[in-house]
Amino acid sequence: MPDSYIKRILNARIYDLAVETPLDQARLLSQRTNNHVLLKREDLQPVFSFKIRGAYNKLLQLTEEERARGVIAASAGNHAQGLALGAQHLGVRAVIVMPRTTPAIKVDAVRARGAKVVLHGDNFDEAAAHTQKLIEEKGYTYIHPFDDPDVIAGQGTVAMEILRQYPKHIDAIFVAVGGGGLCAGVAAYVKYVRPGVKVFAVESEESACLAAAMEKNRRVRLPQVGIFADGVAVAQIGKETFRVLKKTIDGVITVNTDEICAGIKDIFEDTRSIAEPAGAVSVAGLKKYVAENGIIGQTLVAIDCGANINFDRLRYISERTEIGEKREAVLAVTIPERPGAYREFCQALGRRNITEFNYRYADSDKARIFVGVQVSADPSDRDELVSSLREQGYELVDMTDNELAKLHIRHMVGGHAAEVKDEMVFRFEFPERPGALLNFLSQVAGRWNISLFHYRNHGSAFGRVLVGMEVPKKERAQVRKFLAEINYPFWEETDNEAYQYFLG
């Protein structure tokens with residue numbers, strides 16, 4: 001690459017605002033992958049993202065006249081916060097155009113940095129178009145989030161720190177890519193200073209604009225992008241970033257939502273910090289590279305590039321993590337509709353831990369259950385589970401890779417059952433340990449027909465189960481006495497309005 005990028009990076013005087021972030025050893029991830037894994041902690045920047053580097057460096061390069069006009073950008077995320085803080089630090093007026101759909105937490109964060117927020121449109125493209133209109137009307141100076149040499153150079157200081165902090169041999173560095181500013185800066189510096197170090201760009205499968213551009217050897221615009229990893233949800237790689245990347249990177253790795261969620265968990269387990277989805281993309285790519293290429297004993301660096309995440313997304317991320325780690329199989333299984341069938345199915349699973357069990361009575365012949373079963377990370381273990389159940393006569397469909405099943409169906413198994421008569425509903429708690437669910441079913445099943453069943457393992461000390469049973473009215477006192485004797489805490493929910501409204 002031209003010397004100009006190296007000079008720009010070395011001359012980036014950003015450290016009166018940005019900080020040099022640590023390069024931490026990921027001990028648990030290192031053990032699991034049999035490699036030496038290091039995390040570059042850009043989540044520890046003042047705005048919890050690397051974006052402060054490029055935005056502030058660009059501001060420093062502006063002329064007095066450009067600063068006096070004020071700066072503007074369209075952004076719903078980390079660039080907005082980085083630019084707002086940099087402008088506040090320099091006393092420059094900043095305007096950020098954000099879609100009306102931007103979460104309030106991000107709008108408030110930008111305003112807290114002193115920037116004026118203009119809410120316009122329902123998506124980024126509409127906000128960006130309004131930005132250009134304001135530039136024409138007000139004469140603001142536009143600060144691009146990634147496709148600008150000074151922004152790229154600011155992001156390149158990440159690489160300068162990595163190579164200084166770890167002067168020993170590094171085999172590969174993994175960098176998340178949206179528009180490509182961070183990866184271009186890192187790759188330009190690394191390939192000039194230590195050309196033997198591999199640099200891999202990592203993209204979400206839902207927004208793999210660089211992979212598409214590399215395949216066609218030209219920039220392409222994706223017809224649509226997924227927004228789970230919103231920090232890298234870009235439809236087209238930058239013009240300047242693509243010019244740099246196609247000459248410097250060693251490959252592009254794409255990762256799916258489940259793999260990103262697993263990466264978030266990996267970072268949490270090693271650092272007790274919560275990365276945003278884009279922040280964990282690099283870790284997901286590192287793990288995929290190791291698994292697909294049989295890599296052991298190497299020194300690998302992943303850049304944790306951000307931690308701006310809405311708290312209410314954590315439940316969804318947790319839900320997807322076990323599948324991302326390949327440690328949960330999701331199955332749709334047909335079992336006989338008769339007393340004792342649940343217990344037989346649990347026995348067929350052996351000592352495997354059940355993570356979820358959903359059922360609702362459908363007809364008098366067969367029942368279809370939605371079940372999650374813990375498996376090992378070895379893909380053959382899931383195959384062995386499926387084969388074993390089929391050999392025992394169970395009809396089943398493996399839905400582990402079915403997006404519809406994971407996103408929606410697992411939460412929608414059920415509904416009103418017209419054929420169910422005299423149903424009683426109970427909520428139970430029992431100690432969570434391997435075999436606990438089987439023990440519970442062994443005591444409950446067989447006496448009365450089970451017409452509803454929901455269980456979900458949340459990783460807590462107690463498992464929680466909702467059970468419906470067909471109990472003739474004359475036997476209701478008997479069933480309450482029986483349940484009291486099995487010594488599990490329980491609550492009758494037959495009259496609960498939520499049950500009556502949705503399931504009764």
Can any side-chain N or O of [X] pair as donor or acceptor with the backbone N or O of [Y] at less than 3.5 Å?
| X | Y | result |
| --- | --- | --- |
| Ser75 | Ala80 | yes |
| Ser204 | Ala229 | no |
| Arg69 | Thr141 | no |
| Asp150 | Asn57 | no |
| Asp43 | Ala275 | no |
| Ser387 | Glu384 | no |
| Gln61 | Lys58 | no |

Non-hydrogen atoms of [X] and [Y] that approach each other most closely:
| X | Y | value |
| --- | --- | --- |
| Cys261 | Phe228 | SG-CZ, 3.6 Å |
| Arg53 | Tyr15 | NH1-OH, 3.6 Å |
| Gly70 | Val92 | CA-CG1, 4.3 Å |

- Query: What's the verdict on side chain to side chain donor-acceptor pair (under 3.5 Å) for Lys40 and Gln165, showing C-alpha distance, side-chain angles and the deciding distance?
  - Reply: CA-CA 10 Å; Lys40 181 60 171 166; Gln165 291 168 327; 3.1 Å; yes
- Task: For salt bridge (Lys or Arg N to Asp or Glu O under 4.0 Å), just list the numbers for Arg382 and Asp398, CA-CA rounded to whole Å, side-chain angles, deciding distance to a tenth of an Å, and then say yes or no.
- Result: CA-CA 9 Å; Arg382 188 172 112 200; Asp398 186 351; 2.9 Å; yes
- Query: Which residues pass the side-chain contact (heavy atoms from CB on, under 4.5 Å) test with Lys216, sequence neighbours left out?
  - Reply: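 By the side-chain contact (heavy atoms from CB on, under 4.5 Å) rule, Lys216 matches Arg218, Val220.
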- Validation row, ring centre His454 to ring centre Phe370 under 6.0 Å: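 No: the rings miss the under 6.0 Å criterion.
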- Query: Side-chain donor-acceptor pair under 3.5 Å between Asp16 and His89, yes or no?
  - Reply: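 Yes, because at least one side-chain N or O of Asp16 sits under 3.5 Å from a partner of the opposite role on His89.
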- Query: When you measure from the centre of the six-membered ring of Phe268, is the NZ or CZ of Arg272 under 6.0 Å away and within 45° of the axis?
  - Reply: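 Yes, a cation-pi geometry.
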- Task: Would you sort out whether Glu328 and Thr355 count as a side chain to side chain donor-acceptor pair (under 3.5 Å), showing the intermediate values?
- Result: CA-CA 8 Å; Glu328 183 184 36; Thr355 57; 2.5 Å; yes
Sequence neighbours excluded and cut-off under 3.5 Å, please list the side-chain donor-acceptor pairs for residues 288-305, or say none.
{"residue": "Lys288", "atom": "NZ", "partner": "Thr254", "partner atom": "O", "Å": "2.8"}
{"residue": "Asn293", "atom": "ND2", "partner": "Tyr289", "partner atom": "O", "Å": "2.9"}

